[in-house]
Amino acid sequence: MGTSPVYRNATVYELLMRALYGRHYQARFRAIAELIPYGADVVDVCCGPATLYTRYLRGWVGAYTGLDLNSRFIARLNNAGGHGTVWNVHSEVPFPEADYLVMQASMYQFLPEPVPVLDRMLAAARKHVIIAEPIRNLASSNNRIVAAISRRYTDAGEGAQSHRFTEQTLDELFGPYESRILHRSLIAGGREKLFVLAA
């Protein structure tokens with residue numbers, strides 16, 4: 001069916017995210033931005049419209065590179081003064097190196113096998129990997145109509161993804177990385193869980 005209309009327009013995308021997260025919308029970005037020190041280099045994997053950069057990291061980080069499959073989002077980032085590259089994260093190409101590699105609300109796109117993506121992020125990070133992932137999702141709703149609509153409107157261009165993480169399955173993903181976990185917490189009113197891993 002092609003890319004969801006949500007991913008064709010950055011404004012529509014952000015309006016939907018604001019509606020989903022309500023008063024916690026800004027807090028979900030601040031939680032990540034506060035973990036990145038001044039002057040650090042950042043690679044944002046599946047950066048979307050790069051809100052993390054344009055509203056929180058611009059002028060703070062040393063260098064920011066956003067990677068996303070969506071050429072419209074990447075063009076918007078480049079026009080905003082950042083550096084964006086159209087990138088298929090499903091490929092096995094190593095990620096660019098940086099002090100911090102970040103992924104927010106996108107790990108579900110790689111289910112049922114997200115481990116290779118996580119491992120490539122760890123290989124490219126010089127300091128930390130920061131991942132925040134939703135654990136409460138409309139796409140997992142018990143209402144089949146709500147769930148179907150949510151899945152349809154979160155197709156980033158490679159097909160609708162029917163699977164989502166729960167807190168339990170996300171914890172299971174990070175279980176083998178326990179020795180690397182420096183921090184974990186619920187953010188955005190409990191809708192997302194954040195993990196910081198040592199490179």
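Under the 3.5 Å distance criterion, the side-chain polar atoms of D68 are left unmatched by any main-chain donor or acceptor of I74. No side-chain donor-acceptor contact under 3.5 Å links Q104 to the backbone of E133. Judged by distance alone, with hydrogens and angles left aside, the side-chain atoms of R120 form a donor-acceptor pair with the main-chain N or O of V93 at under 3.5 Å. Side-chain atoms of D99 come within 3.5 Å of backbone atoms of D41 as a donor-acceptor pair (strictly under, hydrogens ignored). A donor-acceptor contact shorter than 3.5 Å links the side chain of R180 to the backbone of A198. Listed for the T54 side chain is a donor-acceptor partner under 3.5 Å among the backbone atoms of A50. No side-chain donor-acceptor contact under 3.5 Å links R76 to the backbone of R72. Remark: the backbone N or O of N88 is paired with a side-chain donor or acceptor of S91 at under 3.5 angstrom.
Within the 4.5 Å cutoff, side-chain heavy atoms of I130 are placed close to those of I36. Using a 4.5 Å cut-off on side-chain heavy atoms (C-beta onward), V61 and Y100 make no contact. A 4.5 Å side-chain heavy-atom check between M121 and L197 finds every atom pair outside the cut-off. Here the side chains of Q26 and Y56 are in contact, with some heavy-atom distance below 4.5 Å. Using a 4.5 Å heavy-atom cutoff, the side chains of Y53 and D44 are not in contact. Within the 4.5 Å cutoff, no side-chain heavy atoms of R191 are placed close to those of H24.
A salt bridge links D171 with K193; the closest basic N to acidic carboxylate O contact falls under 4.0 Å.
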Decide ring pair (Phe, Tyr, Trp, His ring centres under 6.0 Å) for H163 and Y108; before the verdict, give the C-alpha distance in whole Å, the side-chain angles of both, and the deciding distance to 0.1 Å. CA-CA 7 Å; H163 301 291; Y108 77 92; over 10 Å; no
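Contact between Y64 and C47 at its shortest, heavy atoms only, is OH-CB, 3.6 Å. Listed here is the closest heavy atom pair of E192 and A132: OE1-CB, 3.5 Å. Listed here is the closest heavy atom pair of F110 and C46: CZ-SG, 3.8 Å. Here the shortest heavy-atom pairing between V43 and E97 reads CG2-O, 4.3 Å.
Linking Ile, Leu, Val, Met, Phe, Trp and Tyr residues whenever their side-chain heavy atoms come within less than 4.5 Å places L101 and I181 in a single cluster. Residues V115 and V89 are members of one and the same hydrophobic cluster, defined by side-chain heavy-atom contacts under 4.5 angstrom among Ile, Leu, Val, Met, Phe, Trp and Tyr. Cluster membership check: L182 shares its hydrophobic cluster with I187, using side-chain heavy-atom separations under 4.5 Å among Ile, Leu, Val, Met, Phe, Trp and Tyr.
Once rounded to the nearest 0.5 Å, the distance linking CG of L122 with CD1 of I131 reads 7.0 Å. The CG atom of L111 sits 7.5 Å away from the OG1 atom of T169 when rounded to the nearest 0.5 Å. Annotation: the span from I135 atom CD1 to E167 atom CD amounts to 4.0 Å, rounded to 0.5 Å. To the nearest 0.5 angstrom, L35 atom CG is 13.5 Å from K127 atom NZ. In this structure, CZ in F165 is found 5.0 Å from CG in L173, a value given to the nearest 0.5 Å. Atoms OG1 and CZ, from T51 and R28 in turn, are 8.5 Å apart once rounded to the nearest 0.5 Å.
Note: W87 and F95 have tilted aromatic rings, judged against thresholds of 30 and 60 degrees for the angle between ring planes. Between F174 and F195, the ring-plane angle classifies as parallel under the 30° and 60° cut-offs.
Heavy atoms from other residues, nucleotides or ligands lying under 6.0 Å from CD of E178 number more than 12.
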